[in-house]
S.K.: 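Below you'll find the structure I mean.
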Amino acid sequence: MRQRAAVTGVGVVSAAGLSCGAFWESLRAGRSAIAPLQCVEPGALRFARGAEVRGFDPLAHFEPKQIDFLDRFAQFAVVAAREAVRDAGIAWTPELRRRAAIVTGSCVGGQSSEDSEFVELYKKNRPRVHPLTIARVMANAGASHISMDLGVTGPCLTVSTACSSSNHAIGQAVWMLRSGIADLVIAGGSEAPFSLGHLKAWEAMRVVSPDTCRPFSRDRKGMILGEGAAMLVLEPLERARARGVRVYGEVCGFGMSADAHHLTQPAKDGARRAMAAALADAGLPPEAVGYINAHGTGTSANDPTECAAIREVFGAHGDRLAVSSTKSMHGHALGAAGALEAAATLLALRDGFLPPTANFTAADPECDLDVIPNKGRAAEVEYALSNSFAFGGLNAVLVFRKA
Amino acid sequence: MPEDLTERILDVIAATQKLPRDKLSIDSSFSDLNIDSMDGVNILFALENEFNITIPDEQAKSIRSLRDIVDGVRGLIEGSGQEGVALSS
């Protein structure tokens with residue numbers, strides 16, 4: 001029998017809160033962390049808002065010398081992983097360290113380190129950049145720093161599939177547990193995309209909202225970028241039960257697909273196939289699912305496509321499902337998005353409380369689902385989906401089960 | 001020189017889309033030319049550079065045809081008083 005993947009620890013660094021508890025409190029309250037950007041001068045961009053992590057003091061977590069080696073996205077990764085491991089009450093032994101794995105997701109890696117060093121080169125005409133630039137920028141820096149910080153010596157890797165990165169990463173973790181190659185996996189994602197060069201690239205794509213993120217609303221104007229990290233501790237359910245630790249829930253299904261269609265336009269069929277594959281992997285009929293944490297970016301293209309795909313997968317049950325996009329509160333944290341949303345989904349199942357879609361103004365007939373507008377609600381749900389659909393048409397869907 | 005402006009805009013679009021210039025006319029729609037939303041964003045970027053203008057997102061969203069583009073660019077150039085500079089560059 002294959003091992004069941006239980007989540008026993010959760011760690012979060014996000015605009016909506018600097019710990020798992022603070023994050024969940026914000027989401028429960030429907031409080032959006034989207035605010036005027038502080039990282040750039042006003043007027044530098046056509047958009048002015050983002051979900052920036054505020055009040056994060058690297059010196060509260062790292063020695064000054066360590067910080068030289070750590071881009072912001074890697075700092076978030078380590079801090080979230082430490083919280084998750086602490087939360088899971090892991091008692092490290094040499095054997096467990098060898099049998100533990102790490103899988104992180106990141107879309108853009110050490111963006112701000114790259115940006116600031118290239119400013120030295122191109123703008124300040126300095127002839128050299130910092131020797132740690134490569135090591136700070138590499139997308140696997142988060143996973144590497146977690147392994148060094150915790151002394152984890154088993155399989156350790158990073159998945160980079162744009163906005164699906166951390167769902168793909170958590171899926172790999174589930175497979176590692178099922179296959180028996182690891183007894184514990186730290187999995188999730190981290191991202192810190194707020195550099196001027198990167199924001200300019202988003203501006204040029206014309207998909208960022210000039211005001212806020214209003215998923216599924218008729219007057220939605222686009223996505224809002226976010227940053228942060230979330231890490232889960234996953235271990236075989238039997239092992240978790242044997243050591244008597246509290247279990248948040250299980251990741252009981254994982255489905256992937258590629259649209260094979262377009263670099264930036266989503267395709268309904270790819271989303272449909274990923275959700276269907278996840279349900280098949282979990283061995284569930286669509287009617288078992290009570291909640292979907294949607295990809296829900298708030299763009300004109302994603303939301304109706306995702307809703308249509310949900311309709312195709314769930315049929316008449318679509319009218320009984322609750323669907324929300326928590327990106328309306330924590331922003332779209334790209335390679336960390338799936339991990340933040342996994343945390344939100346697990347906490348929703350645990351507490352029997354579904355987080356809302358914030359900033360909702362008016363229903364869109366093309367997004368004709370119960371999107372939990374603005375106010376979260378109590379609901380006992382046993383199974384939930386969390387969708388991630390990436391640029392490049394790479395889709396990853398996770399199924400969670402209440403503990 | 002409004003006709004010259006139209007020609008220059010069509011030149012930019014043809015170059016961006018790797019299309020033969022004679023396939024384009026001001027009456028072409030995006031769908032006639034198989035131009036999708038990402039192609040559209042690329043065209044706007046090229047036009048912003050060519051004419052030193054900034055095309056707002058809201059205005060960009062309503063563009064469906066080459067005529068929409070020509071009208072929009074002309075409006076922006078006239079509005080900014082940059083025509084002389086841009087067209088002599």
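In what follows, every chain begins at residue 1, and chains take the letters A, B, ... in the order their sequences are listed. Everything numeric in this text was worked out from a predicted model, so none of it was measured.
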S.K.: Which region of Val207(A), side chain (C-beta onward) or backbone (N, CA, C, O), has a non-hydrogen atom less than 4.5 Å from a non-hydrogen atom of chain B, or is it both or neither?
M.R.: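 Answer is neither: Val207(A) stays 4.5 Å or more from chain B.
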
S.K.: Who passes side chain to side chain donor-acceptor pair (under 3.5 Å) against Ser388(A), sequence neighbours left out?
M.R.: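 So Ser388(A) forms a side chain to side chain donor-acceptor pair (under 3.5 Å) with Asn167(A).
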
S.K.: Got a list of the donor-acceptor pairs under 3.5 angstrom between chain A and chain B?
M.R.:
| from | atom 1 | to | atom 2 | distance (Å) |
| --- | --- | --- | --- | --- |
| Arg46(A) | NE | Asp57(B) | OD1 | 3.1 |
| Arg46(A) | NH2 | Asp57(B) | OD1 | 3.3 |
| Arg206(A) | NH1 | Ile55(B) | O | 2.7 |
| Arg206(A) | NH1 | Asp57(B) | OD1 | 3.0 |
| Arg206(A) | NH2 | Glu48(B) | OE2 | 3.0 |
| Arg206(A) | NH2 | Ile55(B) | O | 3.1 |
| His262(A) | NE2 | Asp36(B) | OD2 | 2.4 |
| Gln265(A) | NE2 | Ser37(B) | OG | 2.5 |

S.K.: Please determine whether the number of non-hydrogen atoms from other residues, nucleotides or ligands lying under 6.0 Å from atom CZ of Phe45(B) exceeds 12.
M.R.: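 No.
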
S.K.: With sequence neighbours left out, what residues match His332(A) under ring pair (Phe, Tyr, Trp, His ring centres under 6.0 Å)?
M.R.: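 For His332(A) the ring pair (Phe, Tyr, Trp, His ring centres under 6.0 Å) partners, ignoring immediate neighbours, are His295(A).
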
S.K.: Output all residues satisfying ring pair (Phe, Tyr, Trp, His ring centres under 6.0 Å) with Phe118(A), sequence neighbours left out; order by chain, then residue number.
M.R.: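 Residues passing ring pair (Phe, Tyr, Trp, His ring centres under 6.0 Å) with Phe118(A): Tyr122(A).
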
